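The basis for the numbers below is simple: all heavy atoms, side chains too, and nothing from hydrogens, waters or symmetry mates. Since this is a predicted model, take the numbers as computed values, not measurements.
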Amino acid sequence: MPPKAAQRVAPANQYPPDAMPKIGRIIFHIGVAAAMFDGFWGLQTLAITKDYIGTQYGGHFQYLTILGLFGTIITMMLSGICDYLPAIQAIKTIKRVFLLFALPVELVISSIYWAIILLAPELMLPPNPDLASSPEPSSSNAEDPLFRIPLLMDLSMHALPAVALIIDFFFLERKYKPPASTIGAFALAASFGTAYSLWVEHCASINGSFPYPFLTIMNPQQRVMMYVGSTVMAWLVFRGLNALHK
C-alpha cells in the first residue's frame, strides 16, 4: 500500500489567520485618531482658547463636540489595539461599547453643527474675540464678526469623526444584535443625554452663559426639549444605521 500522505504541520510560531495583526486597519484607525487629536490640539494655539474658553469653568469639555471627539478617539484607539491583537476578545467587547456610544452621538453632532453653520452660524459660533476687544469700530466687510476655526481643524472635529465611525461600522464591524441594539443602545443614549444636559446646565450656572449661543437664547423648557430631542434622535439614528447594516 502506498504510504499515507504526510500531513503539513504549521510552524509553532505561526498564528491562525484571524489572529494576525491587520496592518491596513491599524493605519486607518490610528491615523484617524491622530488627525482628530491634532485638530483638538490646534485649538490650544487659538486666541479664543486663551482668552475665552480657557478661562471658563469646564473649558473645552463643556462642549458636546469635544466630548464626542474624545469618545471617537478612544474608539479608534481601541480599534487599533484590536487590529494588532485580534485574538483578545475583551478589548473587542469594550471597543464595541464605545462604538455604540460614539456612532450616534457623532452623527447628531455633525447634523446639528453643519445645519446651524449653514443656516444661522451666529447661533453656533461665538463672537470674534479680535473684534470684540478692539476699541475701534470697523466698517470693513472683510472682518467676520463670528469666530471661525480653520477649515481643516473644523473638518477634523465636526466631520471626520462621523465619517470614520460610519466606515468602521459598515465595513469593519458586525451589526449589533439584541440586547445591545435595543436596551443597550437606549440606555447609553439616555444616560449620556441626561449626563450632558446636567453638566452643561451646571457649567452655564457658573459661567453665566452656555457654550453654544443657541442654548443661551432658549428658556429652560426649550432647552429640555432640545436635550430630549437630541437624545431620541441619537437613538433613532443608531436604530436606522443598524437596520441598514447587513
Side-chain angles (χ1 to χ4, degrees), residues 15-22 24-33 35-37 61 63-113 157-200 224-246:
Y15 294 97
D18 59 350
M20 294 293 290
K22 301 173 175 61
R25 294 187 181 187
I26 293 174
I27 294 174
F28 168 70
H29 288 128
I30 302 303
V32 167
M36 291 187 293
F37 186 80
F61 293 98
Y63 290 86
L64 181 61
T65 294
I66 302 302
L67 297 176
L69 183 73
F70 272 87
T72 304
I73 290 174
I74 293 173
T75 302
M76 291 293 112
M77 293 298 294
L78 287 172
S79 298
I81 296 174
C82 290
D83 297 332
Y84 187 71
L85 302 170
I88 303 179
Q89 292 300 314
I91 301 177
K92 183 75 169 178
T93 300
I94 297 172
K95 179 258 174 153
R96 282 179 62 82
V97 172
F98 272 91
L99 180 63
L100 185 61
F101 150 75
L103 179 63
V105 168
E106 286 293 1
L107 264 292
V108 170
I109 290 174
S110 293
S111 300
I112 294 176
Y113 178 81
M157 294 188 292
H158 296 110
L160 179 60
V163 173
L165 288 171
I166 288 175
I167 292 174
D168 183 68
F169 179 58
F170 280 104
F171 296 100
L172 305 177
E173 272 291 349
R174 307 182 315 275
K175 71 181 301 181
Y176 288 88
K177 298 180 179 180
S181 63
T182 52
I183 300 174
F186 180 79
L188 276 177
S191 299
F192 180 74
T194 302
Y196 179 72
S197 63
L198 295 175
W199 166 244
V200 76
V224 169
M225 292 176 62
M226 181 70 185
Y227 301 144
V228 173
S230 298
T231 300
V232 172
M233 180 180 174
W235 179 62
L236 292 177
V237 163
F238 167 77
R239 296 282 291 178
L241 292 176
N242 199 54
L244 291 174
H245 199 305
K246 300 299 183 182

When rounded to the nearest 0.5 angstrom, what is the spacing between [atom1] in [X] and [atom2] in [Y]?
X    : Y    : atom1 : atom2 : value
L107 : L236 : CG    : CG    : 12.0 Å
I88  : I94  : CD1   : CD1   : 10.5 Å
L188 : I183 : CG    : CD1   : 12.0 Å
L172 : R25  : CG    : CZ    : 4.5 Å
F171 : I167 : CZ    : CD1   : 7.0 Å
T231 : F192 : OG1   : CZ    : 9.0 Å

Problem - Mutual orientation of the aromatic rings belonging to F70 and F37 [parallel < 30°, tilted 30-60°, perpendicular > 60°] - result: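 Correct class here is perpendicular.
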
Exercise for the section: State whether the number of non-hydrogen atoms from other residues, nucleotides or ligands found under 6.0 Å of Y196 atom OH is greater than 12. Expected result: yes

Practice task
Give a yes or no on this: more than 12 heavy atoms of other residues, nucleotides or ligands lie within 6.0 Å of atom CE of M77.
Solution key: no

Practice task
Check for a donor-acceptor pair, side chain of W199 on one end and backbone N or O of F61 on the other, with a separation under 3.5 Å.
Solution key: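 Indeed, once roles are kept as given, a pair shorter than 3.5 Å links the two residues.
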
Problem - Any donor-acceptor N/O pair, H245 side chain to F169 backbone, under 3.5 Å - result: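 Confirmed, H245 side chain pairs with F169 backbone.
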
Quick one: closest heavy-atom pair of [X] and [Y], and the distance?
X    : Y    : result
P86  : K22  : CB-NZ, 3.6 Å
A180 : L100 : O-CD2, 3.8 Å
A189 : W235 : CB-CB, 4.3 Å
K175 : N242 : CE-O, 3.2 Å
V108 : S230 : CG2-O, 4.2 Å
A234 : P104 : O-CB, 3.1 Å

Handout entry: Under the side-chain hydrogen bond (donor to acceptor under 3.5 Å, both in side chains) test, residues paired with Y227 that sit two or more places apart
Key = E201

Exercise for the section: With sequence neighbours excluded, give me every salt bridge (Lys or Arg N to Asp or Glu O under 4.0 Å) pair touching residues 86-108. Expected result: K92-E173, K95-D168, K95-E173, R96-E173

Can you tell if the side chain of [X] reaches within under 4.5 Å of the side chain of [Y], non-hydrogen atoms only?
X    : Y    : answer
L165 : M76  : yes
F101 : T75  : no
L69  : Y63  : no
S111 : M233 : yes

